[in-house]
Amino acid sequence: MTATDPWPPPQYHAEVTSTNDLALQLALRGAPEGSAVQAGRQTAGRGRFGREWFSPADAGLYLSVVARPDRAPRSWSLLTLAAGVAAAEAIERTTGLRCDLKWPNDLLIDGKKFCGILTEMNAEATRVRHIVIGIGINVNHASFPTELQTIATSLRLASGKELSRVELCAALLKSLDREYRALLEKSDARESVLKRFQERSSSVRDRQVYVEAENGGYEGMTYGLDPRGFLQVRTLQGLRIVLSSSVHLR
Ligand code: BTN
């Protein structure tokens, strides 16, 4: 995952609890940057806020990659957005389908989610030990459990055809590598991620949203991203910055 290292193929497992769990364990044991884990099925696939990620056998792409940036934790808040842009570009190139990014970690087609990103970090106050970027894509799912039917889709349902997870995985790793390397090496990479994320998102601006918060949440209108990649929402009380809450589109 760096300019000099070769691009290692992912370690494949037929079944794991969660590829993020496995990648975090590998990273703790010293796995090098760019180490990737892919699974045919996850028995405890998870998303943000401890939500379950539906991970049936041989239908989805379940992938986690280890990064070891040598910068302060603060500057890595943008990595989830960069991974989203990388996933959207890889999927569009491979399938021709247009993806809509929903801040901070969802990819949608026709308003339904088919891809989610879970970035987990092991850090000290001023140093990142490692980051695991976990990406789940609903690729060849033909149907979903009742509770997901109105909110989830797959690339197969959207395109009407089965897709190669191998091809998709290769395109995704390449695209992730490019975005990550740019963030490490190019001074304008952060602006570029913010720009492309906003261009690819129909909801990051001028969209009525409900933001979950501990004190009950609030309604507002999205107002783009701030320079750190946080979502800005205009409310009757003024501009609010969303750091990590759930944002529901209205
Ligand atoms: C979300 O939508 O909240 C994020 C979902 C992330 C799911 C992926 S699947 C591969 C990796 N392993 C996990 O347990 N989660 C991520």
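As the structure is a computational prediction, the values presented were derived from the model and not from experiment. Counting from 1, the numbers follow the sequence of the chain as shown. Values below: all heavy atoms of this structure, side chains included; hydrogens, waters and symmetry mates excluded. Counting starts at 1 for both ligands and their atoms, in listed order.
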Donor-acceptor pair, [X] side chain versus [Y] backbone, under 3.5 Å?
X	Y	result
Thr222	Asp206	yes
Ser18	Gly45	no
Thr153	Phe114	no

If you have a sec, work out which protein heavy atom is nearest [atom] and how many Å separate them, to one decimal?
atom	value
atom 2 (O) of ligand 1	Lys113 NZ, 2.5 Å
atom 5 (C) of ligand 1	Trp53 CE3, 3.5 Å
atom 12 (N) of ligand 1	Gln42 OE1, 2.9 Å
atom 11 (C) of ligand 1	Thr19 OG1, 3.2 Å
atom 8 (C) of ligand 1	Gly136 N, 3.5 Å

Do NZ/NE/NH1/NH2 and the carboxylate oxygens of [X] and [Y] come within less than 4.0 Å?
X	Y	result
Lys186	Asp188	no
Glu179	Arg196	yes
Glu199	Lys195	yes
Glu92	Arg200	yes
Glu52	Arg46	no

What are the atoms of ligand 1, with element, lying closer than 4.0 Å to any heavy atom of [X]?
X	answer
Asn105	1 (C), 2 (O), 3 (O), 4 (C)
Ser64	11 (C)
Leu63	10 (C)
Gly47	1 (C), 3 (O), 4 (C), 5 (C)
Gly45	14 (O)
Ile135	8 (C), 9 (S), 10 (C)
Ile117	4 (C)

Query raised in the report: Hey, does Arg46 sit under 4.0 Å from ligand 1 if you only count heavy atoms?
Result: yes

Query raised in the report: Hey, does the Lys NZ or Arg CZ of Arg41 hover above the aromatic six-ring of Tyr62, less than 6.0 Å from the centre and inside 45° of the axis?
Result: no

Requested in this report: Give yes if a backbone or side-chain nitrogen or oxygen of Arg48 is under 3.5 Å from a nitrogen or oxygen of ligand 1, and no if not.
Outcome: yes

